[in-house]
Amino acid sequence: MISGCRPQAQNLTCLTRALLATTPTSPPPSFVLEANIDVYALCRQRRFHEAFDRGLHLRSLDAARCLHSHLVSSHSNIPTTLFNRLIDLYCKCGRLPDAYRVFSEMPHKDTCSFNTLMAGYSAVGNIAEARRLFDEIPVRDHFSWSSIIACYTRHGSPFESLDLYRRMHQEMRGGFLNCSNKFTASSALAASTAILSYRHGREIHCHIVRAGFESDAVVWSALADMYSKCGSIKHARQVFDLSSDRDVVSWTAMIGRYCDAGMRKEGLKLFSRMMQMGVLPNDFTYACVLDACSELAAEGLGRQVHNHMIRVGFDPSSFAASTILHMYSKCGNIEKAKLIFERMPLPDLVSWTSLISGLAQNGHPTEALHYYELLLESGMKPDHVTFVGVLSACAHGGLIDKGLAIFHSIKEKFKLKHTSDQYSCIVDLLSRAGRFQEVEEIINEMTMKPDKFLWASLLGGCRIHKNINMAKQAAEALLEIEPENAATYVTFANIYASAGMWDEVELIRQTMDHKGVVKKPGSSWIEIRGKVHMFLVGDASHPDAKKIYALLEKLQIKMKELGYVPDMNYVLHDVDEEQKEHTLSYHSEKLAVAFGIIATPSGTIIKVFKNLRICGDCHTAFKFISRIMERMIIVRDSNRFHKFRYGICTCGDYW
DNA sequence: TTAGGGTTAG
């Protein structure tokens with residue numbers, strides 16, 4: 001019995017009993033399962049359409065077989081409609097060969113018979129068979145065209161799909177208005193979106209408006225999708241706002257579009273609006289919104305979403321559940337993430353990987369490896385993403401031998417090919433440890449071209465070990481791939497600066513000016529009582545700026561008493577020492593931490609988020625501040641978490 | 001009786 005269908009099955013028990021009671025012959029054979037007794041009874045009554053409805057609801061192969069045997073053994077003329085429904089049922093149960101057998105043995109096939117079988121092949125991605133049937137249909141109707149167009153769109157052939165959309169209009173000779181309907185239009189729109197063709201999309205939009213079938217949620221959703229991907233998110237929002245028939249899918253899609261475009265706050269605003277309108281979110285909505293919370297590190301809001309999910313009920317093994325885990329982990333609450341994981345009855349590989357990567361980023365490499373061992377013990381096979389998490393745990397923890405052993409096991413034990421991400425991890429691990437000779441050997445052994453992530457990892461390692469020669473090689477390779485990336489110039493310049501090579505620093509600065517490369521401004525933010533406060537370097541725009549600066553000055557004095565020496569290597573330009581110290585004191589992360597201290601009661605954990613990597617001087621300063629203020633300070637930078645407590649950081653200064 | 005749109009981890 002299909003467990004999900006139990007309530008409906010129970011509802012029908014009375015009906016079943018009544019039907020069987022009126023049937024004078026023997027009880028159903030033993031192979032007829034409980035859920036299918038209704039189907040069996042309805043067949044005996046020759047109420048075939050109702051039996052099909054029930055079978056389709058259950059998606060039951062037994063029901064299909066039961067109906068098949070009744071139809072075949074029936075001596076009267078069976079209408080084509082019933083055979084068509086049988087084909088459909090077999091298709092929906094994933095039994096294409098049975099569907100085909102029914103189709104080929106039918107005495108009279110109509111267009112619907114072809115359409116139904118074609119949809120079956122389309123659903124399993126057998127494009128060739130679907131097309132063969134389409135070509136054989138003597139008289140094609142709207143269903144035939146919409147099925148084949150959707151088939152090509154769905155299975156990655158958008159050009160074919162648009163070609164057929166055009167051909168449909170020629171062959172049906174009715175002009176666009178009579179041929180296109182909401183099904184063909186939405187599929188053709190999806191095809192235009194796939195090839196990012198605004199022109200095609202716009203043309204189809206015109207057909208939709210002229211033909212007047214725009215009041216349909218799917219058409220609107222496809223339109224908004226096309227505009228957001230080929231035109232602009234603003235147009236997409238206009239379409240969304242104008243649509244009269246919005247369902248949970250179109251709301252979710254619009255929220256997702258904002259998140260994809262990096263406009264996460266807009267996405268979250270729309271989510272609140274959706275809730276106000278009484279639209280019930282589904283797993284996709286939760287996944288979208290929780291992901292936005294993760295990126296914004298808005299744990300407060302994430303927790304509200306989680307609580308809502310608990311109230312309405314959700315499947316703890318669904319992908320939405322793994323997104324909750326990810327959200328807590330990305331917000332620096334790894335304990336809660338672990339709790340969510342432990343409560344999962346059957347964690348999937350995504351959840352395992354998410355926890356392992358989360359532990360690695362949150363500074364618990366040994367625990368990450370412990371969960372990796374548990375994953376192996378569970379019998380689940382790790383995939384290439386799991387290995388990225390495990391290798392990054394080794395890299396962050398300085399576990400070099402373990403990392404190397406796991407890296408080699410990917411090929412030898414798990415018989416998988418190394419991916420470029422895994423190469424980046426191993427280069428990260430080795431170059432952080434200063435083992436540049438081995439890095440060179442690995443790069444030479446690679447079967448693929450090293451990508452930007454690998455070179456960026458190497459450049460980062462060179463910064464730690466002041467390896468100027470290797471840094472030059474990495475920076476040149478990196479700039480060849482990404483000539484506009486300011487981070488490369490800045491890191492490279494910082495390496496020169498730390499070696500006191502100011503002429504070279506100046507040369508890099510001039511190159512940046514010449515090429516018009518602008519350094520991405522560092523920004524940090526902190527969530528206080530549900531409100532996000534954002535800071536830039538030297539920012540005085542915050543209402544509490546005076547208090548923030550006064551506190552930082554006081555802290556500066558106390559830190560120096562305890563032995564803090566500002567690290568000038570993190571200032572790009574060759575300005576005088578006093579000026580450099582001044583710039584360092586007001587980095588965005590320092591402003592955010594100071595505001596956190598002011599705005600929360602003593603003892604509260606301060607959680608700050610930065611869009612770039614934390615600066616080395618701020619890292620040192622926060623160790624002192626955590627001691628002076630007796631507070632735990634958590635900083636999530638673009639790379640990982642740093643937890644400062646009692647004057648030390650969980651990263652062990654290994655970052 | 002048959003057809004269309006949204007998806008999680010580094």
Side-chain angles (χ1 to χ4, degrees), chain A residues 48-49 52-53 56 79-89 91-92 110-120 122-123 141-151 153-154 161 181-191 193 213 216-226 228 247-257 259-260 281-291 294 318-327 329-330 347-358 360-361 383-393 419 421-422 424-425 453 639-640:
Chain A
F48 293 121
H49 279 294
F52 271 116
D53 290 344
L56 207 57
T80 307
T81 313
L82 288 178
F83 281 117
N84 290 347
R85 291 205 72 178
L86 185 59
I87 295 170
D88 185 40
L89 187 54
C91 287
K92 299 262 163 67
D110 61 9
T111 301
C112 182
S113 324
F114 283 90
N115 293 345
T116 310
L117 187 60
M118 188 171 65
S122 167
D141 63 7
H142 279 111
F143 288 93
S144 326
W145 285 103
S146 63
S147 284
I148 196 70
I149 291 169
C151 175
T153 303
R154 225 187 297 157
S161 168
N181 65 14
K182 60 185 185 178
F183 297 100
T184 49
S186 52
S187 294
L189 272 172
T193 311
F213 47 79
D216 178 87
V218 179
V219 170
W220 281 110
S221 211
L223 257 179
D225 205 38
M226 185 277 290
S228 78
D247 61 4
V248 58
V249 176
S250 40
W251 279 95
T252 305
M254 195 62 227
I255 294 168
R257 275 173 214 126
C259 296
D260 286 346
N282 63 15
D283 275 2
F284 294 107
T285 328
Y286 293 132
C288 238
V289 172
L290 286 168
D291 198 47
S294 306
S318 65
F319 69 73
S322 74
T323 324
I324 300 175
L325 191 167
H326 179 228
M327 182 274 294
S329 155
K330 282 286 247 187
D348 61 0
L349 188 59
V350 172
S351 305
W352 279 99
T353 305
S354 197
L355 182 70
I356 291 169
S357 311
Q361 287 171 344
D383 74 355
H384 67 282
V385 188
T386 320
F387 285 118
V388 172
V390 177
L391 291 174
S392 76
T419 64
D421 288 338
Q422 290 161 1
S424 299
C425 283
F453 300 106
N639 209 26
R640 60 166 298 158

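Not measured: the values here are computed from a predicted model.
For T323(A) against dT8(B), no side-chain N or O and base N or O form a donor-acceptor pair under 3.5 Å.
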message: Can you build the contact string for nucleotides 2-7 of chain B? Use B for base contact, S for sugar-phosphate-only contact, and - for no protein heavy atom under 4.0 Å.
response: BBBBBB
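Rounded to whole Å, the distance from CG on L391(A) to C1' on dA9(B) is 15 Å. Rounded to whole Å, the distance from CG on L290(A) to C1' on dT8(B) is 10 Å. The distance from atom CG of D348(A) to atom P of dT8(B) is 13 Å, rounded to the nearest whole Å.
Listed by chain and residue number, nothing satisfies the ring-ring contact (aromatic ring centres under 6.0 Å, His included) test with F183(A) (two or more places apart in sequence, or in another chain). In this structure, the side-chain hydrogen bond (donor to acceptor under 3.5 Å, both in side chains) partners of S351(A), at least two apart in sequence or on a different chain, are D348(A).
Each of S144(A), S147(A), S146(A) was compared with N115(A) under the side chain to side chain donor-acceptor pair (under 3.5 Å) criterion, and only S144(A) meets it.
The two residues T323(A) and A287(A) have their closest heavy-atom pair at CG2-O, 3.5 Å. Closest approach of R257(A) and A224(A) over heavy atoms only: NH1-CB, 3.3 Å.
H49(A) comes within 4.0 angstrom of no nucleic acid atom, judged by non-hydrogen atoms across all strands.
If you check the side chains of S113(A) and N84(A), you find a donor sitting under 3.5 Å from an acceptor.
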